[in-house]
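Each ligand, and each atom within it, is numbered from 1 in the order the structure gives.
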Amino acid sequence: RLKAVAFLLHRQPHLLKTQLYVTPLELVLSSCGVIENGEQRQNKALITKMNNLSISSPDYLHIVNDTFANSDCYCLPQPPKLLTIMDGEAITAKRTAAVSAISAKLFKPALSEVLCILGSGQQARSHYDVFTKLFKFKEVRVWSRNKEMAQRFVNDLQDPVTVCSSVKEAVIGADVIVTATGASQPILFGEWVKPGAHIAAVGACRPDWRELDDVLMREAVVYVDSREGATAESGDIILSGAEVFAELGEVINGSFPAQREKTTVFKSLGMGIQDAVSAKLVLEKWNSEY
Ligand SMILES: NC(=O)C1=CN([C@@H]2O[C@H](COP(=O)(O)OP(=O)(O)OC[C@H]3O[C@@H](n4cnc5c(N)ncnc54)[C@H](OP(=O)(O)O)[C@@H]3O)[C@@H](O)[C@H]2O)C=CC1
Ligand SMILES: O=C([O-])C1=[NH+]CCC1
């Protein structure tokens, strides 16, 4: 599976998200991915996802599919066939957590006993689900800006999770930390982070937004999903001046090492190709069952 991910991240064409500032949505991100099947470049599928970062409304993935001519030109066939429209929020939640889980598999300390999740929204929940399914932790902690929201998050779960009153209390001693908040200023400070811990940093997806402070960004080994995306979209990287060590795909394909023994940050921004692959899997499952 990891090899497949490396292949997808490196061999499939992917495009940087387009960011539009539109009142009253404020910011619309449109991500786009193209999937092609086999060397013949037949049955290509183009997906586009529109989402917005400022108001609560559904995101949609559109999959348009048709057979392209055997060429390198990625223009839309005329006329494209609309295959499906999907709920992009559900797919975004799952695919983002899946990619973070790959980062944790590669970079978390060998002995990881404490998981800490900052935030209690959709991403916090999908990360809780995937991380506790794939890895065994002795303790899980959650912090949210509103303690009530953290309590509500915990009430929905079967297993015990500790609600913390402050970020500091939540992260001290944690081996794996997920930051999945709407913060625009740093909430996680390097001085609190256990040396060797792994941080999957999911929020702060605008060039002027932060979740992590300069100390953490500069001291950790920083991995990203896409260098191009990170240097255009991540305030944590742009404003701290931190150096990106490698892309996740570059670790999976063996070009760069996983520095598991050091403090590591995986700065996630999200890529259209992740949506495209996930949407394709959902569509194939749907088609095989109905
Ligand atoms: N990397 C990627 O691929 C993706 C990243 N994201 C990003 O992940 C983050 C979480 O998304 P999602 O879970 O869908 O959002 P939700 O709206 O479901 O949850 C937002 C969470 O952030 C908290 N929060 C909001 N503002 C602040 C603040 N100023 N300081 C601290 N906490 C705050 C909320 O806390 P409370 O409710 O307690 O107030 C809530 O727990 C967002 O930044 C989003 O842009 C989203 C999708 C993909
Ligand atoms: O990839 C994505 O869908 C997003 N990245 C940042 C916010 C939404």
Which of the atoms of ligand 1 are close to [X], meaning less than 4.0 Å from one of its heavy atoms?
| X | value |
| --- | --- |
| G203 | 7 (C), 8 (O), 9 (C), 43 (O) |
| T92 | 47 (C), 48 (C) |
| S144 | 35 (O), 36 (P), 38 (O), 41 (O) |
| L269 | 1 (N), 2 (C), 3 (O) |
| G119 | 41 (O) |
| S120 | 41 (O) |

Atoms of ligand 2, numbered as shown, that sit under 4.0 Å from any heavy atom of L269: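 Those atoms are 1 (O), 4 (C), 5 (N), 6 (C).
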
Proximal atoms of ligand 2 relative to T92 (non-hydrogen, under 4.0 Å):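 Near T92, meaning under 4.0 Å from one of its heavy atoms, ligand 2 has 3 (O).
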
Working for ring-ring contact (aromatic ring centres under 6.0 Å, His included), residues F107 and F266: CA-CA 9 Å; F107 309 129; F266 169 57; 7.4 Å; no

Salt-bridge contact R95-D275 (side-chain N to carboxylate O under 4.0 Å):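 Salt bridge: yes.
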
Residues E191 and K168 bridged, charged N to O under 4.0 Å: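 No, E191 and K168 are not salt-bridged.
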
Salt bridge (Lys or Arg N to Asp or Glu O under 4.0 Å) contacts touching residues 126-138 (sequence neighbours left out):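 Listed once each, the pairs are E113-K138, R125-D129.
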
Residue pairs fulfilling salt bridge (Lys or Arg N to Asp or Glu O under 4.0 Å) with at least one residue in residues 150-162, sequence neighbours excluded: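 Salt bridge (Lys or Arg N to Asp or Glu O under 4.0 Å) check on residues 150-162 returns no pairs.
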
Within-cut-off N or O pair, S184 and ligand 1, under 3.5 Å: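 No, since none of the N or O atoms of S184 sits under 3.5 Å from an N or O of ligand 1.
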
Least distance between heavy atoms, F137 atom then S112 atom: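 That closest heavy-atom pairing would be CD2-O, 3.6 Å.
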
Expected output: side-chain N146 to main-chain M149 donor-acceptor under 3.5 Å: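 A pair under 3.5 Å: no.
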
Check: R95 N/O within less than 3.5 Å of ligand 2 N/O: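 Between R95 and ligand 2, an N or O pair is found under 3.5 Å apart.
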
Heavy-atom nearest neighbour of atom 28 (C) of ligand 1 within options G270, A204, A200, A183: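 Minimum heavy-atom distance to atom 28 (C) of ligand 1 goes to A183.
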
